[in-house]
Protein chains: 2
Amino acid sequence: MTRINSQDIATLVGVSQATVSRAFTPGASISAKTKNRILDAASRLGYQPNVIARSLSKSQSKMIGVLFANWDHPKAADFLQGICEKLMEFDFKALVQSPGATRQVDDIFRDFLQYQVDGVIVFSASPSRQISVDYARNNIPIVLLNRSAKTLNASSISVDASGLGRRMAKELISRSYSRLAIVSKDSESQVVADMSRSIEEMFLESGQAKIISQNSGVYGYDAGIQCIREMWNQPEKPDAVICTSDDTALGVIAGCRHHLDIDVPHDLGVIGLGDTPVAAWKDHDLTTVRIPHDDLISQTVATLVANIENPWNEPEIMELEANLVIRGSIRGE
Amino acid sequence: MTRINSQDIATLVGVSQATVSRAFTPGASISAKTKNRILDAASRLGYQPNVIARSLSKSQSKMIGVLFANWDHPKAADFLQGICEKLMEFDFKALVQSPGATRQVDDIFRDFLQYQVDGVIVFSASPSRQISVDYARNNIPIVLLNRSAKTLNASSISVDASGLGRRMAKELISRSYSRLAIVSKDSESQVVADMSRSIEEMFLESGQAKIISQNSGVYGYDAGIQCIREMWNQPEKPDAVICTSDDTALGVIAGCRHHLDIDVPHDLGVIGLGDTPVAAWKDHDLTTVRIPHDDLISQTVATLVANIENPWNEPEIMELEANLVIRGSIRGE
DNA sequence: ACAATTCTTGCAAGCGCATACATTTAATGC
DNA sequence: GCATTAAATGTATGCGCTTGCAAGAATTGT
């Protein structure tokens, strides 16, 4: 039982196969009358053009490889949904892959190449230099989302980590916090690294505040509890903590309240990252960072599409501002 | 600058194009020696077979359409990641689409057909009957995940909602709760409907317990607070609440504690759904339902692959057991 | 009414690969 | 060493569509 194709429609309507093809090609040279006859017959027989064949002859697949490397991200689903829907607006489809035990990042990039994707979006990962040049050679644009890779031949859309760091430092200093701990995951993105660095710079300038520890571990509520306990056993305790995930920050707060009798925000200011819904709950009231997801996504897709349409575009490096949401987990100015 | 193809390799190595093709076809008839020469040349020139062309001639694309309709699901990312990775194991790629303003569920199904997908996985949605028969006619299997559609010509993998309902009812009755409220979203999946129905049946049998209200609204923490307040204004108050999302349940608990001075679990038992990490936090300690995600995903992909390999398989309807996680938000027996 | 122009349509050659079939080469048996 | 069989390769066609080119039909101007 073979699938119905354009030739079938052609013979049925009594035109050539090429004409059928034209009926489905917007802007092709075809009279309204025959076009309608063809479209009628097609819908009657349930015919739809074979996109694979079209891709082959046009050598463009209308597919975008989406390499999604961080499913643990609190907003992972939002990012992916946004990407899919935004791509849809431009009539692209998302071919989603994620690196795992069997397939590394570069393997997936090669897969995408085999599938003749028109472009690739990478969430929280980067291709090797080799891959990057392979893609450049084939004129297939790559956009890194949530990561800035200035050294690669690729566009990147991320948050302005340095600016964010400066703003955090400013708020902390103006609230007379002076001994900061930063709690972040080990294999953390360079976003966090940049942020930490610029906080440190500001602190150095102010002369009074300093970063006393840079604890690394894992994400999560329990990790937060664990973390604050350990810190409270050290001789030099922080009076402010920045956690690179809201969950961890909430864990820290819980640890303070339920286990250690530390007053948040008076004895310890806590800042999270991500502005998850839980953070806003009144019994948590966590100061945190709101990431401009929608803008990140829009820019990512827009950049990609622009680079597809104009292959001679320079890669675009874009950093969007993240918002600091001040709530009750740090004291007033 | 045209892409390099099998013919290029063929002339370079001095063999026919067909032989190059064979070098990349596992199990094809080709000598180890020439195969190596070809593979060498290929990797030297960075050649990789064009999967699009292969799809066309084999009329199978190795792509699975994934129609993802519920990004708000607390475990959305996990589901999608699981699907992608599991598909990868079978050498399939996921073409992910989600219904939105411009594209309805059926439109996406038609898209998938154009892309010659080998099968479709649907998360929290169902195709129309028409689509279902179109697919059946083309021998393209559909598997519904998180939804059971017994009337359609499709497989479905979901949780055993009735069984879950019975277990809940049993636990509630044995703990002498007798006036249950069920808080669920309006457009709720039939999973919830099934669950409610079987609870009701058990309650009727017991003769003493009953469902006093079936409040519908929206998901979320705030909704939960709002909800419990409203219920406490009614003449007949529940002594147990089942929320079809953990967040809502946590809102209810917060409402009880901070606003209404209701003792949980003594005055009111609360049960959530989903077993999100927050639910396990000691200060929440929410009794909830753990969904067997991994099994759902494995079964979904396994079923799909089986149906692809053997097109004459009957659709499979499978219901997996969900686990009730008893914690402190309901009283002891 | 006829030439000049514009629209439609058909024809045919790809796009890059797989594969049935034919042909050549290598391996095997005695 | 020769016949028989198996393995390796080449040839040629098709998968379903797009598109340049040329031929035919319709439109326009004069």
Side-chain angles (χ1 to χ4, degrees), chain A residues 1-39 41-42 45-63 91 111 113-118 138-139, chain B residues 1-39 41-42 45-63 91 111 113-118 138-139:
Chain A
M1 213 232 57
T2 172
R3 215 111 128 198
I4 180 167
N5 61 15
S6 58
Q7 184 59 64
D8 299 334
I9 305 291
T11 52
L12 179 74
V13 179
V15 296
S16 77
Q17 179 270 326
T19 305
V20 175
S21 168
R22 292 191 177 100
F24 286 93
T25 307
S29 169
I30 187 173
S31 77
K33 206 176 58 179
T34 48
K35 179 167 180 174
N36 282 334
R37 276 168 54 217
I38 291 173
L39 258 38
L45 271 74
Y47 166 76
Q48 290 187 275
N50 181 329
V51 180
I52 296 288
R54 171 180 293 166
S55 301
L56 183 58
S57 73
K58 308 230 295 187
S59 43
Q60 56 146 321
S61 63
K62 282 288 176 184
M63 295 193 298
D91 200 30
D111 277 3
L113 221 42
Q114 292 196 321
Y115 271 85
Q116 316 294 115
V117 296
D118 295 339
N138 287 316
N139 272 321
Chain B
M1 212 232 56
T2 171
R3 215 110 129 198
I4 179 166
N5 61 17
S6 59
Q7 184 59 63
D8 299 334
I9 305 292
T11 51
L12 180 74
V13 179
V15 296
S16 75
Q17 179 270 323
T19 305
V20 175
S21 169
R22 289 190 180 100
F24 287 93
T25 307
S29 170
I30 187 174
S31 76
K33 205 177 58 180
T34 49
K35 180 166 179 175
N36 282 335
R37 275 168 56 217
I38 291 174
L39 259 37
L45 271 74
Y47 166 76
Q48 289 187 274
N50 182 329
V51 180
I52 296 285
R54 172 181 294 168
S55 301
L56 183 59
S57 73
K58 306 228 297 188
S59 42
Q60 55 145 324
S61 63
K62 282 288 177 185
M63 294 194 297
D91 200 30
D111 277 3
L113 220 43
Q114 291 196 323
Y115 272 85
Q116 317 294 113
V117 296
D118 295 340
N138 287 315
N139 272 321

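Proteins come first, then strands; the chains are lettered A, B, ... in the order of their sequence lines, and each starts at number 1.
Residues that satisfy the side chain to side chain contact (heavy atoms under 4.5 Å, CB included) test with B:Ala41, not counting sequence neighbours, are B:Ile9, B:Leu12, B:Val13, B:Arg44. Under the rule for a side chain to side chain contact (heavy atoms under 4.5 Å, CB included), the partners of B:Gln60 that lie at least two apart in sequence or sit in another chain are B:Lys58, B:Lys62, B:Asp118. Remark: A:Asn5 engages A:Gln7, A:Asp8 in a side chain to side chain contact (heavy atoms under 4.5 Å, CB included) (not counting sequence neighbours).
When the nearest nucleotides of DNA chain D are assigned to B:Lys58 and A:Ala18 by heavy-atom distance, the more 5′-ward of the two goes with B:Lys58.
Going from atom CZ of B:Arg54 over to atom C1' of C:dC17 covers 8 Å, rounded to whole Å. Separating the OH atom of A:Tyr115 from the P atom of C:dC17 is a distance of 14 Å, rounded to the nearest angstrom. Counting to the nearest Å, the C1' atom of C:dC15 and the CG atom of B:Asp8 are 13 Å from each other. Taking atom CG on B:Asn5 and atom C1' on C:dG14, their separation rounds to 12 Å, with Å as the unit. In this entry the distance linking CD of B:Gln116 with P of C:dC17 reads 19 Å, nearest Å. Straight-line distance from the CZ atom of B:Arg3 to the C1' atom of C:dG14: 17 Å, rounded to whole Å.
Within the model, atoms CG of A:Leu39 and CZ of A:Phe24 stand 5.0 Å from one another, a figure rounded to the nearest 0.5 Å.
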Identify the pairs formed between an N or O of the protein and an N or O of nucleotides 5-9 of chain C at a distance under 3.5 Å, and give each distance.
{"unit_1": "C:dT9", "atom_1": "OP1", "unit_2": "A:Ser31", "atom_2": "OG", "d": "3.3"}
{"unit_1": "C:dT9", "atom_1": "OP1", "unit_2": "A:Thr34", "atom_2": "OG1", "d": "3.1"}
{"unit_1": "C:dT9", "atom_1": "OP2", "unit_2": "A:Ser31", "atom_2": "N", "d": "3.0"}
{"unit_1": "C:dT9", "atom_1": "OP2", "unit_2": "A:Thr34", "atom_2": "OG1", "d": "2.9"}

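A:Ser6 contributes no side-chain N or O that, together with a main-chain N or O of A:Val20, makes up a donor-acceptor pair within less than 3.5 Å. B:Thr19 places no side-chain N or O within 3.5 Å of a backbone atom of B:Val15 that could act as its donor or acceptor partner.
Proximity of A:Leu113 to B:Arg3: side-chain heavy atoms (C-beta onward) are separated by under 4.5 Å at one or more points. B:Met63 is listed as a side-chain neighbour of A:Met63, based on a closest heavy-atom distance under 4.5 Å.
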For residues 48-56 of chain A, run the donor-acceptor check on the side chains, cut-off 3.5 Å, and write out each pair with its distance to 0.1 Å, sequence neighbours left out.
{"unit_1": "A:Asn50", "atom_1": "OD1", "unit_2": "A:Ile52", "atom_2": "N", "d": "2.8"}
{"unit_1": "A:Asn50", "atom_1": "OD1", "unit_2": "A:Ala53", "atom_2": "N", "d": "3.1"}
{"unit_1": "A:Ser55", "atom_1": "OG", "unit_2": "A:Val51", "atom_2": "O", "d": "2.8"}

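Checking the phosphate oxygens (OP1, OP2) of C:dG16, no side-chain nitrogen or oxygen of B:Asn50 falls inside 4.0 Å.
With hydrogens and angles ignored, a donor-acceptor pair closer than 3.5 Å exists between the side chain of B:Gln17 and the base of C:dA18.
Counting 5' to 3', DNA chain D first comes under 4.0 angstrom of a heavy atom of chain A and last does so at the ends given by D:dG16 to D:dG20.
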